[in-house]
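Structure, as structure tokens:
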2 protein chains.
Amino acid sequence: MHEGGTLRRVPDEPRRIPEATVARLPLYLRSLVTLADEREATCSSERLADLAGVNAAKVRKDLSYLGSYGTRGVGYDVEFLLHQVSRALGLTHDWPVVIAGAGNLGRALANYGGFTSRGFPVVALVDTDESKVGEKVGTTPVRHLDDLEALVKEHHVAIGVLATPSGAAQEVADRMVSAGIGSVLNFAPAVVTVPDEVSIRKVDLASELLILSFYQQRQAGGLTDLTG
Amino acid sequence: MHEGGTLRRVPDEPRRIPEATVARLPLYLRSLVTLADEREATCSSERLADLAGVNAAKVRKDLSYLGSYGTRGVGYDVEFLLHQVSRALGLTHDWPVVIAGAGNLGRALANYGGFTSRGFPVVALVDTDESKVGEKVGTTPVRHLDDLEALVKEHHVAIGVLATPSGAAQEVADRMVSAGIGSVLNFAPAVVTVPDEVSIRKVDLASELLILSFYQQRQAGGLTDLTG
DNA sequence: ATGTGTGAATCGGTTCACAGCC
DNA sequence: GGCTGTGAACCGATTCACACAT
């Protein structure tokens, strides 16, 4: 349904929200939580923009896709808007998660409290390494990959996190999909494809460093080295 | 110089490479390494596109920004193109890295061999927690944040990784910048701003999950719940 | 007076389609 | 005949600027 920057969707939808807007909703959510913590009753698009690190026009256009939730001359009601953004993001209930790969990264992700506390409880790590199966990482049990289907069924897991070696990523993704997972977050440095109706997003640490390296290099001395 | 999707650059440059293209170069690099491992001498844009998970027209246009390195009717020389892409990405030498924050994430990143092996040696973790200073995470020493400037000078560190709690992220980023770091990779779920001449990129795990949650929710049952 | 909501203009990026070279 | 390189057409997203509501 949604893959690395390209969106394919069923045509009839209440309001089509642009992909770029969806990617910023989490930013607004965080900003609104901050404002709510500070007991601010209302806020302008300008204020929200500052907190989210974008410009005010973008905030207004983005929010307008969710509905006309602001008041002209006044701004947005913080609590109300927070509720609307939460609802748009599907935070009305938890989304249980399974992490595949109990290596360094998988364990760090399982330990990282940010997931569970924000409505994405990690129900299990899965791995094929028998010596790891049965362990606990923090409070999260390590189960065998073969238990994936049962875990998904039992805990209604909708999101799978790929933290496997890249060689195994596609195969594990396939198993996730056939187990009924609808969304995949891929940390493996590999191209993984899924059917159209499944969402996939990629987090690629190595690529990020390479991109920074590109600009870093151009910044200092890129013009002096013209050797082919 | 480059911030979360927006690029600001000095106007006079050999060839301006679009930001979207730069973001795909790491993908091509990986694909070319695969082809080189398989002893393939040449490859078409189509083949490269398959491996990189994009389409062939995009590959050709992207590569054309680097130069006319292909041969009409034949394709691209794998080794030669690999060299050119590596050079464009600044991989002619190592880029030492400092990771700020010796918590779960920082330690996992330090342990994750992918960085060091790919030309981004982690020279140190820095933290303000005195009880952690002096430890080693794998082979990486934990130093006090106050040593940042000395570390940057001594190891010519160009890239800083923010793996601190979000409350500390901006402050640590400021210290990185004043220590002379030119590129920042931010893992903290906070908006961090840097001067124009510094690059910053963000990896936000929580946001990625929220975005998946958005599409997951729409996929199943989004149309049935129309309550305001 | 103030600040939202939104058409219109603009911009960057993608895709098309074919001329040009092997 | 096959495949690259690239203008032109297209498309999504951003920014502008102002009408409209309070």
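Every chain is numbered from 1 and lettered A, B, ... according to where its sequence line falls, protein lines coming before strand lines. As the structure is a prediction and not an experimental result, all values here were calculated from the model.
- A salt bridge links A:E38 and A:R47; the closest N-O separation between the charged side-chain nitrogens and carboxylate oxygens is under 4.0 Å.
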- Message: For a quick check, with a 4.0 angstrom heavy-atom cut-off, what is the B/S/- contact string for nucleotides 4-13 of chain C, read 5' to 3'?
- Response: BBBBB----S
- Decide yes or no on side chain to side chain contact (heavy atoms under 4.5 Å, CB included) for B:W95 and B:V157, but give the supporting numbers first. CA-CA 7 Å; B:W95 295 99; B:V157 175; over 6 Å; no
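- Here D:dT6 presents its C1' atom at 9 Å from OH of B:Y65, a figure rounded to the nearest Å.
- At D:dT14, none of the side-chain N or O atoms of A:N55 fall inside 4.0 Å of OP1 or OP2 (strictly under the cut-off).
- Here the P atom of nucleotide D:dC3 and the CG atom of B:L48 are 14 Å apart, to the nearest Å.
- Sorted by first and then second residue, the side-chain hydrogen bond (donor to acceptor under 3.5 Å, both in side chains) pairs involving residues 158-187 of chain B (not counting sequence neighbours) are A:Q216-B:S183, B:D146-B:R175, B:Q170-B:D174.
- Counting only residues at least two apart or in different chains, side-chain hydrogen bond (donor to acceptor under 3.5 Å, both in side chains) contacts with residues 63-72 of chain B comprise B:Y69-B:Q84.
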- Item | Verdict with supporting geometry, A:D94 and A:R118, salt bridge (Lys or Arg N to Asp or Glu O under 4.0 Å) | CA-CA 8 Å; A:D94 279 3; A:R118 282 160 210 270; over 6 Å; no
